[in-house]
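Worth knowing before you read on, the calculation uses all heavy atoms, side chains too, and leaves out hydrogens, waters and symmetry mates.
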Amino acid sequence: MTALARGLEVLACFRSGDKSLSNQDIAQRCKLPKSTVSRLTMTLTKLGYLIHLKDSGKYRLGTASLAIGSAMLARLDVRKIARPIMQELADFSRATVSLGTRDRLSMIYVENLHGSVALTLTLDVGSRIPVATSAIGRAWLAAIPEADRLAFMEEVRELDHVAWPGVRRGIEQGVEDYRTLGVACSFGDWQKDVNGIARAFEPGGGLPIMAINVGGPSFNLSKEFLLEEVRPRLIEAVARLESTLTH
């Protein structure tokens, strides 16, 4: 079971922007000895989950990994139901509208739609952004039970004691915003030139809590526009989605 868990950790450490990773890169991300990683990557390559690039000695995800991800996405009916609702939001806001769920300390996008204007974020399905500083992550944190939220916060604190006070304030503000405004916010917290708001929901069917985010460059998507114009439409859109999923 330990070998299986470590193998899955190796596959999970690949991010959407990674073309390839070395054994050293993987060892650092997974916090495993390089010798252990070498054995794991060799086995995963034989099984088709990784491809070994002989020129560089690095690895990239293989077709077996793609098959697993594609099968999961194909069965995620919430994406199909959410897509037209999300597109309406994207067209109105001229922003990027994303559907995501939590994976470890990140929110991973399972759907991503853009408005008609080209000034959108360069993110796509499979992209990961941090839970603690993003609007979509803070919405997820606000929607989960308090005990789970505190446990998650402790995990983040242990990773970076220096940054923790500021991160904690951002999370607590996000939870308060969710209570008073109905959405969690991130205005320059994830990236200084990016604004976003998000609302979480329970998709049912045994799936974990998910969230929908509306975000984009701050020069194109002001805090005032997001809160005054987009926020009520986002809340209404998520209510429509929840109603559809439960009937």
Side-chain angles (χ1 to χ4, degrees), residues 1-76 79 98-112 123-134 136-138 140-141 144-145 147-164 167 171 190 200 203 206-211:
M1 293 300 291
T2 300
L4 173 60
R6 286 177 170 177
L8 292 173
E9 287 286 343
V10 168
L11 295 177
C13 84
F14 283 81
R15 299 162 187 161
S16 59
D18 295 330
K19 292 184 178 180
S20 60
L21 295 176
S22 66
N23 280 332
Q24 183 64 36
D25 296 329
I26 296 169
Q28 289 176 348
R29 291 188 181 183
C30 296
K31 296 180 173 59
L32 292 171
K34 188 176 177 182
S35 58
T36 300
V37 169
S38 297
R39 291 194 296 271
L40 290 169
T41 53
M42 182 181 301
T43 300
L44 291 168
T45 299
K46 289 179 180 178
L47 295 173
Y49 291 99
L50 293 178
I51 294 173
H52 184 238
L53 305 175
K54 293 182 180 179
D55 291 344
S56 64
K58 294 184 177 183
Y59 296 85
R60 65 179 177 86
L61 291 176
T63 52
S65 298
L66 177 63
I68 293 175
S70 297
M72 185 279 291
L73 288 174
R75 288 167 176 76
L76 201 57
R79 294 173 68 234
S98 307
L99 171 67
T101 190
R102 177 246 186 167
D103 180 46
R104 298 174 179 81
L105 299 182
S106 301
M107 296 297 290
I108 184 168
Y109 287 164
V110 297
E111 187 59 275
N112 206 46
L123 297 169
D124 211 338
V125 172
S127 293
R128 294 172 178 269
I129 63 174
V131 171
T133 56
S134 65
I136 193 170
R138 290 171 176 174
W140 175 82
L141 282 167
I144 63 175
D148 294 343
R149 180 167 61 251
L150 293 176
F152 178 90
M153 291 171 69
E154 178 61 21
E155 190 175 353
V156 175
R157 184 190 69 82
E158 290 177 355
L159 286 177
D160 192 339
H161 292 271
V162 176
W164 171 241
V167 173
I171 292 174
W190 168 49
L207 292 171
I209 289 174
M210 306 180 82

Open item on the list: Rounded at 0.5 Å granularity, tell me how far CE in M42 sits from CG in N23.
Closed with: 9.0 Å
Only distances under 3.5 Å count here; give the side-chain donor-acceptor pairs of residues 27-35 to other protein atoms, sequence neighbours excluded, each with its distance to 0.1 Å.
| unit_1 | atom_1 | unit_2 | atom_2 | d |
| --- | --- | --- | --- | --- |
| R29 | NH1 | C13 | O | 2.8 |
| R29 | NH1 | D18 | OD2 | 2.6 |
| R29 | NH2 | D18 | OD1 | 3.4 |

Open item on the list: Nearest 0.5 Å, please: how far is CG in D148 from CH2 in W140?
Closed with: 7.0 Å
TODO: Output the distance between atom CD1 (I129) and atom CD1 (I108), rounded to the nearest 0.5 Å.
DONE: 11.0 Å
TODO: For the pair H52 and Y59, name the ring-plane relationship: parallel under 30°, tilted 30 to 60°, perpendicular over 60°.
DONE: tilted
Task: Side chain to side chain, V162 and D160, heavy atoms closer than 4.5 Å - done: yes
- [ ] Mind listing the closest non-hydrogen atom pair of R104 and F152 along with its distance?
- [x] O-CE1, 3.6 Å
Open item on the list: Does R149, at its CZ atom, have more than 12 non-hydrogen atoms belonging to other residues, nucleotides or ligands within less than 6.0 Å?
Closed with: yes
Task: Flag side-chain contact, heavy atom, 4.5 Å: T45 against L50 - done: yes
- [ ] Could you tell me the separation between the CG atom of D25 and the OG atom of S20, rounded to the nearest 0.5 Å?
- [x] 8.0 Å
Open item on the list: Distance check, rounded to the nearest 0.5 Å: L159 atom CG versus W164 atom CH2?
Closed with: 10.5 Å
TODO: Check whether any side-chain heavy atom of M210 lies under 4.5 Å from a side-chain heavy atom of V110, and answer yes or no.
DONE: yes
TODO: Determine the minimum heavy-atom distance between R128 and A12, stating which atoms define it.
DONE: NH2-O, 3.8 Å
TODO: Grab the two heavy atoms, one from T101 and one from P208, that are nearest each other, plus how far apart they are.
DONE: OG1-CG, 3.6 Å
Task: Pairwise distance CE(M107) to CG(L99) - rounded to 0.5 angstrom - done: 9.0 Å
- [ ] Run the salt-bridge test on R6 and E9 with the 4.0 Å N-O cut-off and return the result as yes or no.
- [x] no
Task: Closest approach of S134 to G137 (non-hydrogen atoms, all atoms of both residues) - done: OG-N, 3.0 Å
- [ ] Measure across L11 and L44 and return the closest heavy-atom pair with its distance rounded to 0.1 Å.
- [x] CD2-CD1, 4.2 Å
Open item on the list: Quick one about S106 and D103 (side-chain donor to acceptor, distance below 3.5 Å, no hydrogens or angles considered), yes or no?
Closed with: no
TODO: Considering non-hydrogen atoms only, spot the tightest contact between I171 and A132 and give its length.
DONE: CG1-O, 3.7 Å
